[in-house]
Number of protein chains: 2
Amino acid sequence: MNTVHTLVDNRPSIPCDTVRDPQSWEALLSAPRTKTMRVTQHSVIYYEGDPADRIYQVVDGAVMLFKLLPDGRRQVVGLLGPGDLFGLPAGEDQDSAAETLVPSVLKAIERRDVEGSAVFQAHINGCLLRQIAGLRDHSVLLGRKSAFERVASFLMYLVPGRGLGEACAGRPDGDDDEAVVRITMTRQEIADYLGLTIETVSRIISDMKRKGFLAADRHDRLRIVDVCALCRKSGSH
Amino acid sequence: MNTVHTLVDNRPSIPCDTVRDPQSWEALLSAPRTKTMRVTQHSVIYYEGDPADRIYQVVDGAVMLFKLLPDGRRQVVGLLGPGDLFGLPAGEDQDSAAETLVPSVLKAIERRDVEGSAVFQAHINGCLLRQIAGLRDHSVLLGRKSAFERVASFLMYLVPGRGLGEACAGRPDGDDDEAVVRITMTRQEIADYLGLTIETVSRIISDMKRKGFLAADRHDRLRIVDVCALCRKSGSH
DNA sequence: CGCCCACTTGAGGAGTATCAAGCTTCGTGG
DNA sequence: CCACGAAGCTTGATACTCCTCAAGTGGGCG
């Protein structure tokens with residue numbers, strides 16, 4: 001917890017060609033010590049307990065954070081997409097494991113490069129606040145929602161441009177409020193995210209099809225017939 | 001939705017050289033615009049949706065953060081003690097409500113006083129990271145633990161100096177590993193924190209007494225007969 | 001002393017997990 | 001190109017945990 005306060009004098013200009021101390025987050029991403037990683041689906045980036053000497057940003061793809069109980073029960077504690085940061089725990093070691101859900105491109109930034117810089121701290125701060133908001137919403141889901149509501153909430157989360165909050169607000173609830181979502185997670189991953197079993201997730205999705213909320217395009221692709229209708233079943237509206 | 005806060009400005013302490021730009025977190029706490037609040041038990045500090053123009057630090061006491069679903073279901077998404085910060089959402093408005101669990105002393109800091117300062121950002125960062133770690137642990141509890149394990153985990157959390165992580169690690173598991181914890185939360189608050197009902201919490205505690213894990217001191221006070229034994233039942237060890 | 005509120009206890013039922021088959025889909029190799 | 005196997009998904013039967021509804025019980029305060 002011994003933060004080194006490098007008080008960077010931030011003058012307005014910043015022509016900043018190949019600075020030793022990059023002045024913006026974008027510059028940091030292309031700094032010499034920052035590495036770009038291209039990783040395949042289901043690659044483990046780190047395990048819980050690994051030393052946290054780098055932080056990561058998702059450039060493209062998707063990453064899942066999870067924790068395990070000693071007996072093997074797993075809980076997914078975060079889903080990350082482009083722009084999100086991960087790998088920055090409170091202590092010295094990672095407090096969760098990180099694994100890619102799809103082939104991804106990541107930036108690995110040396111932790112010491114971000115500590116002490118006001119610009120980076122502010123950027124990181126924003127990311128952390130968004131993660132906290134997401135975790136709080138997810139606590140409500142895990143603690144208070146039924147299985148049906150959990151799956152409905154999850155599907156809403158997958159609808160582009162309607163992540164959780166703005167879900168139902170978007171368009172008038174007239175006809176043709178359709179959306180096609182790609183499911184890039186396995187049933188097991190979804191179950192571990194929603195605090196359910198694989199069988200329950202499967203049953204709920206079948207049930208949603210039977211009730212006309214969903215139509216099957218393919219195995220890894222679902223058509224939500226009426227986004228608003230499903231959203232109203234998510235418990236949040 | 002607007003509770004009246006008793007904003008008591010207590011200036012007795014700290015000569016307070018009236019800095020315009022305080023350079024340390026401690027200095028900020030005694031800056032002119034920072035107010036000290038003394039609030040009674042069960043005071044609402046803010047509701048979800050209120051504008052977030054101040055952030056708060058717990059000086060003494062305890063605060064609970066919670067969210068409500070439209071139908072009234074409640075989930076407690078955070079328990080805070082001395083030193084913890086709250087009231088800093090990702091957006092403009094509060095994403096959860098805040099209420100005191102016991103009579104408390106809080107510092108209310110103008111949000112604009114902390115934005116843009118490297119020193120404060122770094123301090124806030126550490127607080128946010130600790131909150132994220134707590135939320136992740138709590139996700140595991142809500143998503144994957146049984147009712148018994150949840151209550152056991154909660155009791156471990158109350159044991160002084162054994163918050164979650166270091167729980168069982170402390171002392172040798174010899175005899176006399178006793179602890180007395182004060183329960184300052186109502187059964188309803190505990191239930192809403194653990195994602196259970198009031199009746200289930202009550203039943204589990206009775207069950208723990210019957211099985212010899214707990215002994216009743218008083219209504220709001222429990223004696224944990226063998227901390228290590230209970231800890232082993234918490235699912236985390 | 002008695003009321004009120006928070007807590008406890010009980011009976012019954014809903015919802016989800018568990019266990020056990022089937023069924024698809026996809027990749028591999030004949 | 002198709003047969004085969006494996007892995008992931010779906011469906012069914014059953015069990016069990018926890019919730020719901022309802023009736024006590026106890027302690028604190030007027």
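Letters A, B, ... are given to chains in the order of the sequence lines, protein chains preceding strands, and every chain is numbered from 1.
- Under the 4.5 Å side-chain criterion, counting only non-hydrogen atoms from C-beta, A:T36 is not in contact with A:V59.
- Taking the side chain as every heavy atom from C-beta outward, A:L155 and A:V159 never approach each other to under 4.5 Å.
- More than 12 heavy atoms of other shown residues, nucleotides or ligands fall within 6.0 angstrom of atom CZ in A:R111.
- Axis angle, first five pairs versus last five pairs of the helix from C:dC1-D:dG30 to C:dG30-D:dC1: 30°, rounded to 10°.
- Under the 4.5 Å side-chain criterion, counting only non-hydrogen atoms from C-beta, A:F213 is not in contact with A:D207.
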With B for base contact, S for sugar-phosphate-only contact and - for none (protein heavy atoms under 4.0 Å), nucleotides 17-24 of chain C reads SBB-----
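- C:dT25 atom P lies 11 Å from atom CG of A:D220, rounded to whole Å.
- Taking A:R74 as the reference, A:D192 meet the side-chain hydrogen bond (donor to acceptor under 3.5 Å, both in side chains) condition, with sequence neighbours excluded.
- Scored by the side-chain hydrogen bond (donor to acceptor under 3.5 Å, both in side chains) test, A:K233 finds no partners at all (sequence neighbours excluded).
- A donor atom on one side chain and an acceptor atom on the other are found under 3.5 Å apart for B:S236 and B:K145.
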Tabulated below should be each protein N or O lying under 3.5 Å from an N or O of nucleotides 12-14 of chain C; please produce it.
none

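- Taking the six-membered ring for Trp and thresholds of 30 and 60 degrees, A:Y157 and A:Y193 have ring planes inclined between 30 and 60 degrees apart.
- Nucleotides of DNA chain D lying under 4.0 Å from heavy atoms of chain A occupy a range whose first and last members, 5' to 3', are D:dC9 to D:dA13.
- Looking at heavy-atom distances under 4.0 Å, A:S202 makes contact with a base.
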